[in-house]
Amino acid sequence: MSNRIGKTIAEKKRRARLKNHEFSIIANNCMGGVVSHSLGEQFRSPTVNVLMSEYQFIAFCKYLKEYSKCPVDELTREEWEQFRDVTHPVGVLRGYKIPNGHLPDIKLPDIMLLFVHYKTFTEAKQKWEARFKRVNYDDLYIVMDCAMNGSDEILDEFNALPQEHKVAFTHKQDAERWPSNYQFSFYTEEKFSSGCVYNPVSKGLVEYKWMDEFDFITWLNEGKMQKNSDFQ
C-alpha cells in the first residue's frame, strides 16, 4: 500500500531545503525529471522522460549548445529496425558539421531519443523543443546513470566533460580517476535489481525513493556530492 503521508513528508523536506531554483538537470534517463518533479521545479531540460545511450549522451553533453540547434526527426524505415520491439515514440537528433578552423570539421553524431512516457512523436518533439529553450547553461547539472553497465572508457569520457557539476551513478569507484562517480549502496552484484532506483524505501515515517540516498539537494545548492544523512 502506498504511504501517501510518508511521501508528502519527504516532498516537504526536499522542497524546504532547496535554495537553488534555477538549475537544469541534463540526464540520460528519467532521473533528472523525477528530481525536478519531486522538488516542484519547472522542467528546464529537454531530457525529461527521454533515454539515451551512454556514448551518445556524452556527445550530447559535450556539444549541448550545438545540439540545441539540431532538428528532431522521425526515424527512417532503416533506423526503425533497431527499435522494432519499442512501443513508445523514438526520434533522432540530426547532427551536423561544426567548422574547426584549420582542422577537419567536427561531425556531431546523430542522437537516438527514446521518448518514454509519451504517446506520440509529435507530443514528444514539442516538449523537447520547448524545454530545450529553458535550459540554464549557467546552472547545469549532468546526471548519467550507468548502474552496473558503465565501461571504463565511458566513465573516462564522462569525467572529462567540461561541465563542473556532474555525477555518474555506477558501481565502479576510483576517486582519483573518476572523481564524479557515486555508488548507490544497492549498486552491487548482490543487491542490484533493474529499476530499484525509483522504488520506495521507508525511513521512519518518511517514504523516500532509493535514489534519494544521493543528496541531490546539497548537490544542487552547493555542488557537493554526498550521501543523504537520512540514509546513514
Side-chain angles (χ1 to χ4, degrees), residues 10-11 13-15 17-20 22-39 41 44-45 47-62 64 136 139-203 206-232:
E11 181 178 278
K13 289 184 68 174
R14 292 189 196 98
R15 297 183 182 187
R17 292 179 56 211
L18 184 68
K19 305 303 179 185
N20 179 2
E22 303 296 331
F23 65 85
S24 288
I25 298 179
I26 308 298
N28 69 325
N29 62 12
C30 297
M31 194 176 294
V34 172
V35 172
S36 297
H37 177 74
S38 71
L39 293 171
E41 293 294 312
R44 290 179 287 272
S45 168
T47 61
V48 174
N49 294 333
V50 176
L51 300 181
M52 298 185 206
S53 73
E54 292 160 354
Y55 278 107
Q56 292 185 352
F57 179 69
I58 289 171
F60 178 72
C61 292
K62 187 175 181 179
L64 188 60
N136 184 352
D139 199 14
L140 281 176
Y141 293 79
I142 310 298
V143 174
M144 183 173 71
D145 186 10
C146 298
M148 307 299 291
N149 302 315
S151 68
D152 289 2
E153 180 183 6
I154 282 287
L155 294 172
D156 285 341
E157 292 188 22
F158 180 82
N159 276 265
L161 284 174
Q163 288 87 0
E164 178 182 1
H165 303 302
K166 52 184 176 288
V167 60
F169 296 116
T170 171
H171 67 296
K172 294 185 176 181
Q173 298 300 304
D174 184 329
E176 183 174 347
R177 180 177 179 181
W178 301 315
S180 298
N181 287 14
Y182 181 89
Q183 182 178 9
F184 287 114
S185 63
F186 50 86
Y187 276 9
T188 65
E189 296 292 348
E190 296 77 19
K191 298 180 180 179
F192 180 76
S193 62
S194 178
C196 65
V197 71
Y198 303 114
N199 286 353
V201 55
S202 295
K203 296 292 181 179
V206 185
E207 183 175 301
Y208 294 103
K209 297 182 187 297
W210 270 114
M211 59 183 284
D212 289 318
E213 181 182 84
F214 178 76
D215 192 342
F216 278 100
I217 312 304
T218 294
W219 189 50
L220 293 170
N221 284 341
E222 306 173 30
K224 296 179 181 178
M225 292 171 45
Q226 63 185 37
K227 189 174 182 176
N228 187 336
S229 60
D230 289 337
F231 282 73
Q232 299 294 349

- Within a strict 4.5 Å, meaning less than it, do heavy atoms of the Gln163 and Ile26 side chains meet?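 With C-beta onward as the side chain, the pair stays apart.
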
- Message: Could you check whether any side-chain heavy atom of Thr170 comes within less than 4.5 Å of a side-chain heavy atom of Ile154, counting everything from C-beta outward?
- Response: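 No, every pair of side-chain atoms sits at 4.5 Å or beyond.
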
- Task: Evaluate side-chain contact (heavy atoms from CB on, under 4.5 Å) for Asp145 paired with Tyr187, printing each intermediate quantity in order.
- Result: CA-CA 11 Å; Asp145 186 10; Tyr187 276 9; 2.9 Å; yes

With [X] via side chain to side chain contact (heavy atoms under 4.5 Å, CB included) - residues at least two apart:
X      : value
Ser229 : Gln232
Leu51  : Asn29, Leu114, Val116
Lys209 : Val34, Met211, Asp212

- Give a yes or no on whether the backbone of Gly33 and the side-chain of Ser36 come within a donor-acceptor separation of less than 3.5 Å. no

- Message: Quick check against the 3.5 Å criterion: does Lys172 have a side-chain atom that pairs as donor or acceptor with the backbone of Gly150?
- Response: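 It does hold such a pair.
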
- Any chance the rings of Phe186 and Trp210 have centres within less than 6.0 Å? yes

Just how far is it from atom [atom1] of [X] to atom [atom2] of [Y], taken to the nearest 0.5 Å?
X      : Y      : atom1 : atom2 : answer
Met144 : Asn181 : CE    : CG    : 7.5 Å
Lys166 : Leu140 : NZ    : CG    : 11.0 Å
Ile142 : Cys61  : CD1   : SG    : 4.5 Å
Ser185 : Phe231 : OG    : CZ    : 8.0 Å
Asn28  : Ile58  : CG    : CD1   : 9.0 Å
Glu41  : Ser24  : CD    : OG    : 10.5 Å

Does [X] have any salt bridge (charged side-chain N to carboxylate O under 4.0 Å, His left out) partners at least two apart in sequence or in another chain, and if so, which?
X      : value
Asp156 : Arg177
Asp215 : Arg17
Lys227 : none
Glu11  : Arg15

Which atom of [X] lies closest to which atom of [Y], heavy atoms considered:
X      : Y      : answer
Val35  : Leu220 : CG1-CD1, 4.4 Å
Gly32  : Ala27  : N-CB, 3.8 Å
Glu213 : Gln183 : OE1-O, 4.3 Å

- Message: With a 6.0 Å cut-off (strictly less than), is the heavy-atom count around NZ of Lys62, excluding the residue itself, greater than 12?
- Response: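 No, the 6.0 Å shell around NZ holds no more than 12 heavy atoms from other groups.
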
- Query: Is it the case that more than 12 heavy atoms not belonging to Lys203 sit under 6.0 Å from its NZ atom?
  - Reply: yes

- Please say which of Glu222, Lys19, Arg14 ends up in a side chain to side chain contact (heavy atoms under 4.5 Å, CB included) with Ile217.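 Output: one option passes, namely Arg14.
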
- Could you give all pairs that pass the side-chain hydrogen bond (donor to acceptor under 3.5 Å, both in side chains) test and reach residues 47-59, with sequence neighbours left out?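 Qualifying pairs, neighbours excluded: Ser45-Thr47, Tyr55-Glu153.
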
- Query: Which is it for Tyr198 and Cys30 under the side-chain contact (heavy atoms from CB on, under 4.5 Å) test, yes or no, and what are the steps along the way?
  - Reply: CA-CA 10 Å; Tyr198 303 114; Cys30 297; 3.8 Å; yes

Under the ring-ring contact (aromatic ring centres under 6.0 Å, His included) test, which residues partner [X], sequence neighbours left out?
X      : result
Phe23  : none
His165 : Tyr141
Trp178 : none
Phe214 : Phe169, Tyr182, Phe216, Trp219

- Answer yes or no: is there an ion pair linking Asp139 with Arg44, defined by an N-O contact shorter than 4.0 Å? no

- Item | Criterion side-chain contact (heavy atoms from CB on, under 4.5 Å) on Lys191 and Phe184, from CA distance to verdict | CA-CA 10 Å; Lys191 298 180 180 179; Phe184 287 114; over 6 Å; no

